[in-house]
Amino acid sequence: MRYFVRIAEVGNITRAAEQLNVAQPALGLQIRQLEQELKTELLVRHSRGVELTEAGKLLLDRARRILQDVEELRREITGNVSPEQEMMILGLTPSIMLQMDPDMLLKAKQTMPTVSLSLVEALSRTLTISLEQGELSYALAYGVDEARPGVSRRPLLVEELIFARPATGEPLPPTLTLADALSHDLVQAGERDMVQRLLRDAAARYSLDLRIVYEAESIPAMRSLVVRGAAASMMPYGTASEEIRAGKLVMQRIADIPLTRTLYLLKLSNAPSFRSQDLIDHFIDGIVRRLLDSLGPLARRVGI
């Protein structure tokens, strides 16, 4: 059911396999076996991905509820085994994880002794879906700019995206225009990715050309293509911070039309508070402070 739900949500078996860390043939086999067991077609395959049949739509609705019930049962059983411990599952994006101080996680055990902390790393869209399915206690996700039923969201900071290009040894100005940035060959994540959507919207609004020559669902693959000089990229600073500090990439800011994204704290609206809620709130606030320190002038706090 988890496999089916993820495929239905991303609309593509290949992307679902990457997110689930499962081989695509194995994932396709699981779905075919599910269709055989139910004696009905659940997905219509086409060149752009997959679409749900009427039976698939019915299964998606029921599967989400079943998976949420299973997760709630798991938490209840875990709580019964160790009443003094509370399980807190926090979803973080890859760029946030790259900017996290490892000492923060070590200190979390000391400052939250009755909280069992589990971190889940995924892209913002995947984290939001996982939260809605009851698989996460909280998610720190970008771009959830529209209200979602049953989800409470609080804006935390606004972050400016950077233009990253390979280091050549030649000095470059610290800024450039959006038109100059878009004149380069670019590597970006897929068309569902928030950064690519921001780029396409800005290009259309200001009648600018956009040259995305590579699409890479893997963040390491994106960085590798930029480091090797195959293309440049618009990306969050955290995604390329290590390579920038190592002198492998050069960062430039967009001077005239900066592209920004907002980080939100998400939780289910009906989720009960933790017994150690004050300590958990302080821990999450510490993550935000760490991000603000790491991003410097690229970010500003909001929502307070």
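Computed from a predicted model, the values in this text were never measured in an experiment.
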Neighbour count >12 (heavy atoms, 6.0 Å) for atom CG, D209 |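 No - once you tally the heavy atoms of other residues, nucleotides and ligands closer than 6.0 Å, there are 12 at most.
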In terms of heavy-atom contacts, does CZ of R45 have more than 12 from other residues, nucleotides or ligands at under 6.0 Å?
->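 For R45, atom CZ is crowded (more than 12 foreign heavy atoms under 6.0 Å).
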Please determine, by modelled atom types, if [X] and [Y] share a side-chain donor-acceptor pair under 3.5 angstrom.
X: R165; Y: H184; value: yes
X: S276; Y: T114; value: yes
X: T14; Y: Q24; value: yes

Is it the case that one hydrophobic cluster holds both [X] and [Y], taking links as side-chain heavy atoms less than 4.5 Å apart, direct or via other members?
X: M97; Y: L117; value: yes
X: L172; Y: I244; value: no
X: M100; Y: V115; value: yes
X: V144; Y: I129; value: no

Which atoms form the tightest heavy-atom contact between [X] and [Y], and what is the distance?
X: T93; Y: A141; result: CG2-CA, 4.4 Å
X: G229; Y: P166; result: CA-CG, 3.8 Å
X: R223; Y: T239; result: CD-O, 2.9 Å
X: P297; Y: R253; result: O-NH2, 3.6 Å
X: R301; Y: L156; result: CG-O, 3.4 Å
X: A122; Y: L127; result: O-CD1, 3.5 Å

Do [X] side-chain atoms and [Y] backbone N/O form a donor-acceptor pair below 3.5 Å?
X: S224; Y: A221; result: no
X: Q277; Y: F274; result: yes
X: R211; Y: S183; result: yes
X: T53; Y: L42; result: yes

Could you check Q30 against E35 for side-chain contact (heavy atoms from CB on, under 4.5 Å), going step by step and ending with a plain yes or no?
-> CA-CA 9 Å; Q30 291 283 339; E35 290 177 323; over 6 Å; no
Under the side-chain contact (heavy atoms from CB on, under 4.5 Å) rule, what do I219 and L123 come out as? Steps first, then yes or no, please.
-> CA-CA 10 Å; I219 290 176; L123 297 178; 4.2 Å; yes
Evaluate the side-chain proximity of [Y] to [X]: yes if any heavy-atom separation is below 4.5 Å, no if none is.
X: I254; Y: T177; answer: no
X: L43; Y: E51; answer: no
X: V151; Y: L131; answer: yes
X: R289; Y: M104; answer: no
X: S116; Y: E86; answer: no
X: I89; Y: Y138; answer: no
X: L90; Y: I287; answer: yes
X: T40; Y: E54; answer: no

For residues 259-268, pull every pair meeting salt bridge (Lys or Arg N to Asp or Glu O under 4.0 Å), keeping only residues two or more places apart or in separate chains.
->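 For residues 259-268, and leaving out neighbouring residues, the salt bridge (Lys or Arg N to Asp or Glu O under 4.0 Å) pairs sorted by first residue read E159-R261.
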How would you list all residue pairs meeting salt bridge (Lys or Arg N to Asp or Glu O under 4.0 Å) that involve residues 111-125, not counting sequence neighbours?
->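 Not a single pair qualifies under salt bridge (Lys or Arg N to Asp or Glu O under 4.0 Å).
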Please determine if [X] and [Y] form a salt bridge, counting it only when a charged side-chain N lies under 4.0 Å from a carboxylate O.
X: R32; Y: E37; result: no
X: K57; Y: D61; result: no
X: E146; Y: R153; result: no

Taking ring-ring contact (aromatic ring centres under 6.0 Å, His included) as the test, write out the residues that go with H282, two or more places apart.
->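 Once residues adjacent in sequence are excluded, H282 has no partner under the ring-ring contact (aromatic ring centres under 6.0 Å, His included) criterion.
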Nearest 0.5 Å, what's the [atom1]-[atom2] distance between [X] and [Y]?
X: F283; Y: T111; atom1: CZ; atom2: OG1; answer: 7.5 Å
X: M1; Y: L34; atom1: CE; atom2: CG; answer: 7.5 Å
X: L136; Y: T126; atom1: CG; atom2: OG1; answer: 10.5 Å
X: N12; Y: R48; atom1: CG; atom2: CZ; answer: 11.0 Å
X: I96; Y: R290; atom1: CD1; atom2: CZ; answer: 12.5 Å
X: M235; Y: L161; atom1: CE; atom2: CG; answer: 10.0 Å

Check the pair E242 / Q99 against side chain to side chain donor-acceptor pair (under 3.5 Å), numbers first and verdict last.
-> CA-CA 9 Å; E242 292 183 3; Q99 296 174 86; over 6 Å; no
Given T175, L178, L186, the one that forms side chain to side chain contact (heavy atoms under 4.5 Å, CB included) with F163 =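 Among the candidates, only L186 passes.
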Stepwise, does the side-chain contact (heavy atoms from CB on, under 4.5 Å) test hold for S95 with Y237?
-> CA-CA 8 Å; S95 65; Y237 170 77; over 6 Å; no
Worked verdict on M234 versus I162 for side-chain contact (heavy atoms from CB on, under 4.5 Å) = CA-CA 6 Å; M234 287 293 300; I162 64 159; over 6 Å; no
Step-by-step side chain to side chain donor-acceptor pair (under 3.5 Å) determination, Y264 to D145 | CA-CA 9 Å; Y264 292 88; D145 299 317; 2.9 Å; yes
